[in-house]
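Below: one structure, written as structure tokens.
In what follows, chains are A, B, ... by sequence order, proteins preceding strands, each numbered from 1.
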Amino acid sequence: MSISIQNLNKQFGTYKALDNINLEVNSGELLALLGPSGCGKTTLLRIIGGMELADFGKLLFNGEDVEQRDARERNVGFVFQHYALFRHMTVFENVAFGLRVKPKKERPNEAEIKRRVHELLSLVQLDWLHDRYPAQLSGGQRQRIALARALAVEPKILLLDEPFGALDAQVRKELRRWLRRLHDELHITSVFVTHDQEEALEVADRVVVMNKGVIEQVGTPDEVYAAPATSFVYQFIGNVNLFHSRDHAPWTSEHGDVVAYVRPHDIDISTTRQDETSLPVEVKLVRAIGSIVRVEVAADGSSEFIEIELSRERFDAAPLANGDRVFIRPRQFRVFEEASAA
Amino acid sequence: MATQQRRISTRESKGITLLLIGIALGYLFLFLGLPLIAVFVEALSKGWDLYWQALVEPDALSAVRLTLLVAAIAVPANLVFGIAASWAIAKFEFKGKSLLITFIDLPFAVSPVVSGLIYVLLFGAQGWLGPWLQAHDIKLIFAVPGIVLATIFVTFPFIARELIPLMQAQGKEEEEAAVSLGATGWQTFWRVTLPNIKWGLLYGVILCNARAMGEFGAVSVVSGHIRGMTTTMPLHVEITYNEYNFVAAFAVASLLALLALVTLGIKSLVEWQAKRSGEPLHGAH
């Protein structure tokens with residue numbers, strides 16, 4: 001089921017949580033709403049789910065206006081950051097809940113409920129936990145049960161609010177891949193909220209980058225990383241070095257008063273001055289992190305560190321040590337007006 | 001040796017420990033244990049026969065009946081109100097919320113005698129609504145309805161006060177989850193909200209009931225002390241005591257004391273059950 005959001009606005013007191021949002025979610029895709037906390041992404045998700053009402057604007061499911069329908073009638077599965085499992089019910093009863101509260105004529109019989117719940121528990125690979133209580137489960141298990149519970153009512157849309165936010169790094173990574181596989185199996189239109197760019201880029205078909213209640217960019221993970229539309233996206237996704245033309249960015253001279261954005265892996269280091277645009281720097285710190293080597297340098301007379309990432313091979317071909325004086329030059333950069341830069 | 005002299009600095013010597021425990025226990029015995037024993041000793045001072053007669057005497061029986069009736073009305077009334085108010089306060093944002101919380105606390109803040117007096121001023125013969133009530137032949141003050149009203153007022157906060165912090169700590173995510181799974185408001189309440197607060201609710205009901213049965217001040221003002229008609233158990237104790245009928249006074253008092261002991265027993269049981277089931281009785285403090 002596709003979702004269409006048109007001119008959506010939401011204000012809390014004097015604070016504008018959503019400022020004229022327009023967004024199309026295609027049927028069957030997995031979309032990430034990515035942004036720092038307070039950017040409005042959760043509010044947008046809750047409005048789609050019917051837990052919050054927009055001040056004005058349109059919300060359509062498959063072209064049909066759903067604003068008058070409350071959460072119960074939208075057929076949307078919602079997965080909460082803190083799971084929100086029913087603490088007094090077993091895992092089985094949690095998953096069965098959506099089936100048990102159906103109106104009498106739609107409600108499946110006990111045998112059918114049993115079959116469906118066990119099927120869903122097998123889908124999330126936790127059937128063996130069916131008689132436990134939520135308090136007896138780990139965070140990752142709870143989140144998978146929450147997902148099984150949401151899927152029990154066969155929603156046309158699945159909404160996930162920071163689904164992995166409360167989990168530790170290792171479990172997060174695992175669940176991420178698992179969610180992606182599950183989505184490829186089920187093809188439910190899914191929207192998930194995250195503040196973790198790695199999560200969004202790894203899992204989603206498309207990423208919506210939000211900041212301060214507005215959408216900064218919508219695109220595939222590759223697009224938002226390789227071709228950021230705004231300075232905010234540049235900074236928020238991936239690491240970036242900022243070079244202010246008035247301080248130290250000799251290669252931006254023809255652009256006027258601007259800031260150049262350069263990815264750490266787009267910087268060349270050489271021991272000799274190539275031309276006028278090379279920037280002389282001193283190596284401050286060399287750290288090898290797995291397959292890459294991170295070098296931090298500082299321009300003469302500047303306390304700001306510039307981050308450079310080299311592959312292990314390139315570093316080994318021309319090793320550096322703290323205190324070395326070298327020249328750097330970006331292979332690629334983008335300039336933004338000084339005023340518009342975040 | 002240095003090791004022998006080592007002492008945990010937060011632990012007092014044995015003598016002081018015993019002294020402190022002794023003082024605490026002595027205090028408890030003097031102010032709580034001794035009076036409780038006295039009640040039963042006095043009640044039974046003239047033997048079991050007289051004790052029994054004091055309890056089955058018509059005025060005493062009527063006082064017990066009235067007390068049970070009042071509690072049977074006041075507790076369910078405050079149960080419904082308490083759940084509704086704490087649900088609204090804990091799960092929703094609305095204007096006047098803090099005012100509502102203040103109003104719930106009001107009966108705790110004013111003296112019970114004043115609470116009773118308010119009803120006399122409102123509904124009494126000389127009160128604001130007195131003439132209207134008289135014209136319609138409705139009698140509230142110096143009658144059972146007045147006693148019920150005063151008791152409801154005094155026991156107003158017990159259940160709500162117990163539930164508000166508990167429900168606030170639980171948040172509303174589970175209710176939102178239930179609704180997103182297709183549950184109606186009623187289904188959400190019966191299947192999710194109520195089971196989550198059951199122990200806290202029971203705890204509040206027990207306290208509310210104990211107070212409803214034991215209330216003296218407010219009830220005394222509105223009752224009119226008509227024997228066999230408008231005296232509750234605490235009032236019966238006072239009346240018989242003032243008539244130097246000590247056995248009768250202490251016999252009914254011993255019933256109230258028993259009620260207190262039973263209440264404490266159930267309260268501990270509820271606390272133990274709640275702990276065992278892993279559901280906190282009170283909100284996070």
Open item on the list: Can you tell me which of M89(A), K102(A), E73(A), R149(A) forms the most heavy-atom pairs within a distance under 4.5 Å of chain B?
Closed with: R149(A)
Task: Proximal component of L85(A), with respect to chain B [non-hydrogen, under 4.5 Å] - done: backbone
Open item on the list: Around atom CZ of F103(B), are there more than 12 heavy atoms from other residues, nucleotides or ligands closer than 6.0 Å?
Closed with: no
Open item on the list: Taking atom OH as the centre, does Y27(B) end up with more than 12 heavy-atom neighbours from other residues, nucleotides or ligands that are less than 6.0 angstrom away?
Closed with: no
Open item on the list: Does atom NZ (K97(B)) have a neighbourhood of more than 12 heavy atoms from anything else shown, all under 6.0 Å?
Closed with: yes
- [ ] Starting at CD of E173(B), measure out to CD of Q81(A) and round the result to the nearest 0.5 Å.
- [x] 8.0 Å
Task: T184(B), part contacting chain A, at a heavy-atom distance under 4.5 Å - done: both
Open item on the list: Using a 6.0 Å cut-off, check whether atom CD of E93(B) has over 12 heavy atoms from anything other than its own residue.
Closed with: no
Task: Close contacts, residues 78-86 of chain B versus chain A, judged by heavy atoms under 4.5 Å - done: none
Open item on the list: Taking side chain as everything from C-beta outward and backbone as N, CA, C, O, which of these in F78(A) sits under 4.5 Å from a heavy atom of chain B? Side chain, backbone, both or neither.
Closed with: both
Task: For A84(A) against A177(B), the heavy-atom pair lying closest together - done: O-CB, 4.0 Å
Task: Approximate separation, where rounding is to 0.5 Å, of S180(B) OG and N75(A) CG - done: 10.5 Å
- [ ] For R191(B) and H88(A), work out which heavy atoms get closest and say how close.
- [x] O-NE2, 2.8 Å
Open item on the list: The test is side chain to side chain contact (heavy atoms under 4.5 Å, CB included); show your working for F80(A) and E176(B) and say whether it passes.
Closed with: CA-CA 9 Å; F80(A) 295 83; E176(B) 284 179 347; 3.5 Å; yes
Open item on the list: Heavy-atom cut-off 4.5 Å, strictly under: side chain, backbone, both or neither for R46(A) against chain B?
Closed with: side chain
Open item on the list: Counting only heavy atoms not in E174(A) (residues, nucleotides, ligands), do more than 12 fall under 6.0 Å from its CD?
Closed with: no
Open item on the list: If I measure from the heavy atoms of chain B, does V76(A) come under 4.5 Å with its side chain, its backbone, both, or neither?
Closed with: backbone
- [ ] Indicate the atoms forming the closest heavy-atom contact of V153(A) with L181(B), along with that distance.
- [x] CG1-O, 3.7 Å
- [ ] Starting at CZ of F97(A), measure out to CD of E174(B) and round the result to the nearest 0.5 Å.
- [x] 10.0 Å
- [ ] Compare every heavy atom of R72(A) with every heavy atom of A183(B), then report the nearest pair and how far apart it is.
- [x] O-CD, 2.9 Å
Task: More than 12 heavy atoms from other groups under 6.0 Å of NZ on K114(A) - done: no
